[in-house]
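Let me begin by presenting the structure, written as structure tokens, before commenting on it.
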Amino acid sequence: MILIRLTILALFFVNVTIALDCIALRDVPLEVRNNKKTDCTSPCQWGSCRIFGGDDITDWLACDNQDVFRGVYPRLCSDEEVTRELECVQIINVPDSVLSHTATNCQSNNDCHPNGSCRDWNKFLACDDTNNFSGQFQRLCEDVSVRTTELDCVQYEDVNRDALFGVASNCWGDNYCGSQVSCRAYPNCMLCDEDNTHAGKVAGLCPSIEI
């Protein structure tokens, strides 16, 4: 019965211990923290604060002096372990399925609160604006911009005539646009893509094209 109890406890905490061998206090159920038998809520002076339990009773937190129950009962993380960042992940190593996930709302730390991070939650990327999950989920590495892959450029002579002479057209080469801005061949016009928001979606003109 004790083995069954420990198995259930391990399964309960599997998501919060995926990156650590300990459990953050915030992830410990309130009824465990408020149990009358609980006598610690942080690492103890001579050992670890562990979650103990038994059949048909509420689990509790107690000091495990000398760590006698190491590997048997889960321990609480120290503040340093909870806040220590894991190794960051480069955006180029994030799978396309994660980048395109409907829950993804960032592809750079700059997309989030200045004090927060864009984190890889295993299936999607999302902002952790207060860094509550530092040490549990990887953040994107700094100074990495959104990954885009440009389409092959299109030669001027291959551009649709409707686009070349479209009333909305404002460029016929990159030299008509600002620095680092591409002139793109849309179906009905040629336009400067000021923020390069259509990189990888609409082909730009090949370089050194003038009329």
Side-chain angles (χ1 to χ4, degrees), residues 5-35 37-53 58-149:
R5 178 71 178 183
L6 292 176
T7 301
I8 294 174
L9 189 62
L11 290 174
F12 181 82
F13 288 113
V14 68
N15 288 327
V16 298
T17 59
I18 189 169
L20 298 171
D21 64 350
C22 58
I23 299 167
L25 180 63
R26 61 172 174 260
D27 296 318
V28 176
L30 189 61
E31 60 268 24
V32 175
R33 285 179 275 167
N34 292 339
N35 191 319
K37 297 179 65 175
T38 288
D39 64 11
C40 62
T41 54
S42 62
C44 305
Q45 183 176 3
W46 305 111
S48 301
C49 180
R50 298 189 184 277
I51 300 178
F52 292 92
T58 302
D59 298 329
W60 71 93
L61 296 166
C63 288
D64 174 20
N65 294 323
Q66 308 303 321
D67 282 326
V68 175
F69 293 99
R70 182 195 304 271
V72 179
Y73 291 100
R75 68 180 178 86
L76 287 187
C77 302
S78 65
D79 290 342
E80 181 184 4
E81 287 175 306
V82 172
T83 58
R84 182 191 304 142
E85 286 285 2
L86 303 175
E87 183 178 355
C88 68
V89 59
Q90 298 284 353
I91 188 69
I92 60 173
N93 294 327
V94 177
D96 288 335
S97 59
V98 173
L99 291 173
S100 61
H101 195 283
T102 55
T104 289
N105 65 10
C106 63
Q107 293 188 19
S108 166
N109 291 318
N110 294 330
D111 295 333
C112 305
H113 187 278
N115 294 324
S117 303
C118 181
R119 295 193 185 280
D120 182 358
W121 304 83
N122 298 326
K123 293 185 178 180
F124 57 90
L125 297 175
C127 290
D128 176 16
D129 286 332
T130 54
N131 280 324
N132 281 336
F133 293 92
S134 58
Q136 296 187 53
F137 294 93
Q138 290 175 289
R139 69 193 302 267
L140 293 185
C141 297
E142 295 290 353
D143 302 321
V144 177
S145 58
V146 176
R147 179 176 62 176
T148 56
T149 302

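Residues Ser78 and Pro43 come closest through the heavy atom pair CA-CG, 3.8 Å. Between Trp60 and Gly53 the shortest heavy-atom distance is CZ3-CA, 3.7 Å. Here the closest heavy-atom approach between residue His113 and residue Asp129 is recorded as N-OD1, 3.1 Å. Across all non-hydrogen atoms, the minimal contact from Pro74 to Ile23 is CB-CD1, 3.5 Å.
The aromatic rings of Phe52 and Phe69 sit perpendicular, their planes meeting at an angle over 60°, well past the 30° parallel limit.
Partner of Ser48 under the side chain to side chain donor-acceptor pair (under 3.5 Å) criterion, chosen from Asp67, Asn65, Asp64: Asp67.
Atom CD of Glu87 and atom CZ of Arg139 lie 12.5 Å apart (nearest 0.5 Å). Once rounded to the nearest 0.5 Å, the distance linking CG of Leu76 with OG of Ser42 reads 8.0 Å. Atom CG of residue Asn35 and atom CD1 of residue Ile51 lie 11.5 Å apart, to the nearest 0.5 angstrom. Within the model, atoms SG of Cys141 and CD1 of Ile91 stand 9.5 Å from one another, a figure rounded to the nearest 0.5 Å.
Between Val94 and Leu140, some side-chain heavy-atom pair lies under the 4.5 Å cut-off. Under the 4.5 Å side-chain criterion, counting only non-hydrogen atoms from C-beta, Thr102 is not in contact with Thr104. For the pair Ser134 and Arg119, the minimum side-chain heavy-atom distance is below 4.5 Å. Side-chain atoms of Val28 and Asp59, non-hydrogen and from C-beta on, never get closer than 4.5 Å to each other. Side-chain atoms of Arg70 and Arg50, non-hydrogen and from C-beta on, do get closer than 4.5 Å to each other. Using a 4.5 Å cut-off on side-chain heavy atoms (C-beta onward), Arg33 and Thr38 make no contact. Taking 4.5 Å as the limit, every side-chain heavy atom of Asn115 sits out of range of all side-chain heavy atoms of Asn131.
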**Request:** Please assess Gln107 against Leu99 for the test side chain to side chain contact (heavy atoms under 4.5 Å, CB included), listing each intermediate value before the final yes or no.
**Result:** CA-CA 7 Å; Gln107 293 188 19; Leu99 291 173; 3.8 Å; yes
**Prompt:** How far apart are the C-alpha atoms of His101 and Leu125, what are their side-chain angles, what is the distance that settles it, and do they pass the side chain to side chain contact (heavy atoms under 4.5 Å, CB included) test?
**Reply:** CA-CA 8 Å; His101 195 283; Leu125 297 175; over 6 Å; no
**Request:** Would you check, one step at a time, whether the test side chain to side chain contact (heavy atoms under 4.5 Å, CB included) holds for Leu25 with Asp27?
**Result:** CA-CA 5 Å; Leu25 180 63; Asp27 296 318; over 6 Å; no
**Asked** For Asn122 and Phe137, what are the C-alpha separation, side-chain angles and deciding distance, and is it a side chain to side chain contact (heavy atoms under 4.5 Å, CB included)?
**Response** CA-CA 8 Å; Asn122 298 326; Phe137 294 93; 3.7 Å; yes
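Cysteines Cys118 and Cys106 are disulfide-linked, with SG atoms closer than 2.5 angstrom. Of the two cysteines examined, Cys127 and Cys112, the SG atoms meet the criterion of being under 2.5 Å apart. Cysteine sulfur proximity is not satisfied for Cys63 and Cys40, their SG distance being 2.5 angstrom or more.
For the pair Asp111 (side chain) and Ser108 (backbone), a donor-acceptor distance under 3.5 Å is present. Gln66 places no side-chain N or O within 3.5 Å of a backbone atom of Gly47 that could act as its donor or acceptor partner.
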